Protein chains: 2
Amino acid sequence: MAEAGIWMESTSNRERRSGCPISIALETIGDAWSLLIVRDLMFKGHKTFNDFLSAGEGIASNILADRLRKLDAAGIVVKQVDAEDARRFVYRLTDRGIALAPVLVELVIWAARFEDTDAPPAVVGEMESNRDGFLAGVWEAWVRGDS
Amino acid sequence: MAEAGIWMESTSNRERRSGCPISIALETIGDAWSLLIVRDLMFKGHKTFNDFLSAGEGIASNILADRLRKLDAAGIVVKQVDAEDARRFVYRLTDRGIALAPVLVELVIWAARFEDTDAPPAVVGEMESNRDGFLAGVWEAWVRGDS
DNA sequence: CCGGATCCGTTTCGATACTG
DNA sequence: CAGTATCGAAACGGATCCGG
């Protein structure tokens, strides 16, 4: 992998850690909670603050508020007034957020293969054997606007 | 789960999460440094403690030692005596570690698409258009034992 | 030198209480 | 419902020290 080594090299580590894409990506989603929020939006149909709050993993409300703010600032989610109930807010993935689907899919495949998870083997198998089709389905569901 | 009894250790939310594969994966690699270490092993040919330490992103030595220990405990890396110099140690990816390659590739693609990175478009294009071939190359390089 | 371990000030996290 | 405020606990980071 000599070719890959060239552009991964970092020389300026001053302000931003480096221009390496992995480093940059982890600056915005490389914490314990951000990708779980994206997962809830993408696969679990969660939309509201309380949806995330009671999502099972038990994120604290202050941390959740902070992460939603950062994900918003990073252009991964947007906060909108609920069209069906103007008193409420809904969070929604942007195109940049939905584009994280392949990352999540690979995480699922990796974890299901090497760790003890409760992922249904049928779903994981579909992700592996029909990866492009699965991702297309995620994209279509997002375009349709349902969960 | 709060009032289970005062003699019972209060179980923190951070420790035991759900069985969701993404949640499980992020428990082991969902921090700011672990995936960068895997990247250094996979693409930059880094092997030793000092390689990682001076990798540009500037991890502190105590944090690095902690992460290497955890990655070892998670079966993602192994620590071995250097075959060429018995005074030194080398870290190496396990099969479980090299299996993270698709995750890293998707992170590169995502970041290159939406963030300002210094990844050469040619390499990213290759990752996208010839994804399986690229991953096969990573696997082969790992099997051959070079970086 | 290499591969950490230890100490310590600073930052972030997490749990709960509270508010508009 | 959708967050803040508060405060102790934990993690981080930098510097230094240490055994081999």
Side-chain angles (χ1 to χ4, degrees), chain A residues 13-18 23 26-37 40-41 46-73 77-92, chain B residues 1-4 6 8-18 23 26-37 40-41 46-73 77-92:
Chain A
N13 51 339
R14 196 138 320 210
E15 292 285 310
R16 265 203 146 146
R17 300 217 289 215
S18 80
S23 184
L26 293 178
E27 274 177 45
T28 52
I29 55 167
D31 75 285
W33 294 110
S34 296
L35 275 186
L36 291 178
I37 295 171
D40 287 350
L41 280 160
H46 292 186
K47 297 171 191 165
T48 71
F49 192 91
N50 270 354
D51 285 343
F52 305 123
L53 203 57
S54 49
E57 265 94 5
I59 187 172
S61 62
N62 53 348
I63 305 295
L64 174 58
D66 178 71
R67 291 307 185 278
L68 285 172
R69 222 177 291 123
K70 286 180 178 169
L71 287 172
D72 195 334
V77 307
V78 281
K79 178 182 179 179
Q80 304 170 329
V81 174
D82 189 345
E84 297 165 357
D85 181 351
R87 301 170 304 178
R88 312 180 70 187
F89 298 104
V90 291
Y91 290 89
R92 195 160 149 66
Chain B
M1 72 176 69
E3 308 297 329
I6 201 164
M8 265 181 137
E9 301 237 356
S10 65
T11 52
S12 171
N13 284 327
R14 301 287 305 130
E15 318 222 334
R16 278 189 295 169
R17 284 180 173 172
S18 72
S23 183
L26 293 178
E27 274 178 46
T28 52
I29 56 168
D31 76 286
W33 294 111
S34 296
L35 274 186
L36 290 179
I37 295 170
D40 286 350
L41 280 159
H46 291 186
K47 296 171 192 166
T48 71
F49 191 91
N50 270 353
D51 285 343
F52 305 123
L53 203 58
S54 50
E57 265 95 3
I59 187 172
S61 65
N62 53 347
I63 306 295
L64 174 58
D66 179 70
R67 291 307 184 279
L68 284 172
R69 220 178 294 120
K70 286 178 177 169
L71 287 173
D72 195 334
V77 306
V78 281
K79 179 182 178 180
Q80 305 169 330
V81 174
D82 189 345
E84 297 166 357
D85 181 351
R87 302 169 305 178
R88 310 180 71 185
F89 298 103
V90 290
Y91 290 89
R92 195 161 151 63

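Naming convention: chains lettered A, B, ... in sequence-line order (proteins, then strands); numbering from 1 in each chain. Worth saying up front: this structure is predicted, and the values here are computed from it rather than measured.
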TODO: State plainly whether the residues A/D31 and A/R67 are in salt-bridge range, i.e. N to O under 4.0 Å.
DONE: yes
Task: Shortest non-hydrogen contact between A/D40 and A/A55, atoms and distance - done: OD2-CB, 3.4 Å
- [ ] Produce a footprint string for nucleotides 5-15 of chain D: one letter per nucleotide, 5' end first; B if the base is under 4.0 Å from any protein heavy atom, S if only the sugar-phosphate is, - if neither.
- [x] BB-----SBB-
- [ ] Check whether any side-chain N or O of A/Y91 sits under 4.0 Å from OP1 or OP2 of D/dG3, and answer yes or no.
- [x] yes
Open item on the list: With a cut-off of less than 4.0 Å, is there a side-chain N or O of A/R69 near OP1 or OP2 of D/dT4?
Closed with: yes
Open item on the list: Using side-chain contact (heavy atoms from CB on, under 4.5 Å), reason through B/T28 and B/S34 one step at a time and then give a plain yes or no.
Closed with: CA-CA 8 Å; B/T28 52; B/S34 296; over 6 Å; no
Integer-rounded Å distance: [N] [atom2] and [X] [atom1]:
X     : N      : atom1 : atom2 : value
B/K47 : C/dC2  : NZ    : C1'   : 16 Å
B/E27 : C/dC13 : CD    : P     : 17 Å
A/N50 : D/dT4  : CG    : P     : 14 Å
B/D85 : C/dG3  : CG    : C1'   : 13 Å
B/F52 : C/dG4  : CZ    : C1'   : 14 Å
A/L36 : C/dG14 : CG    : P     : 11 Å
B/F49 : C/dG4  : CZ    : C1'   : 5 Å
A/K79 : D/dG3  : NZ    : C1'   : 8 Å

- [ ] Report the C-alpha distance between A/K47 and A/R92 in whole Å, list the side-chain angles of each, state the deciding distance to 0.1 Å, and finish with yes or no for side-chain contact (heavy atoms from CB on, under 4.5 Å).
- [x] CA-CA 7 Å; A/K47 297 171 191 165; A/R92 195 160 149 66; over 6 Å; no
Open item on the list: A cation-pi test, strictly: NZ or CZ of A/K79 under 6.0 Å from the centre of the six-membered ring of A/F89 and no more than 45 degrees from its axis. Yes or no?
Closed with: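 That pair qualifies as a cation-pi contact.
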Open item on the list: Once rounded to the nearest 0.5 Å, what's the spacing between atom CD1 of B/I29 and atom NZ of B/K70?
Closed with: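 Those atoms lie 14.0 Å apart.
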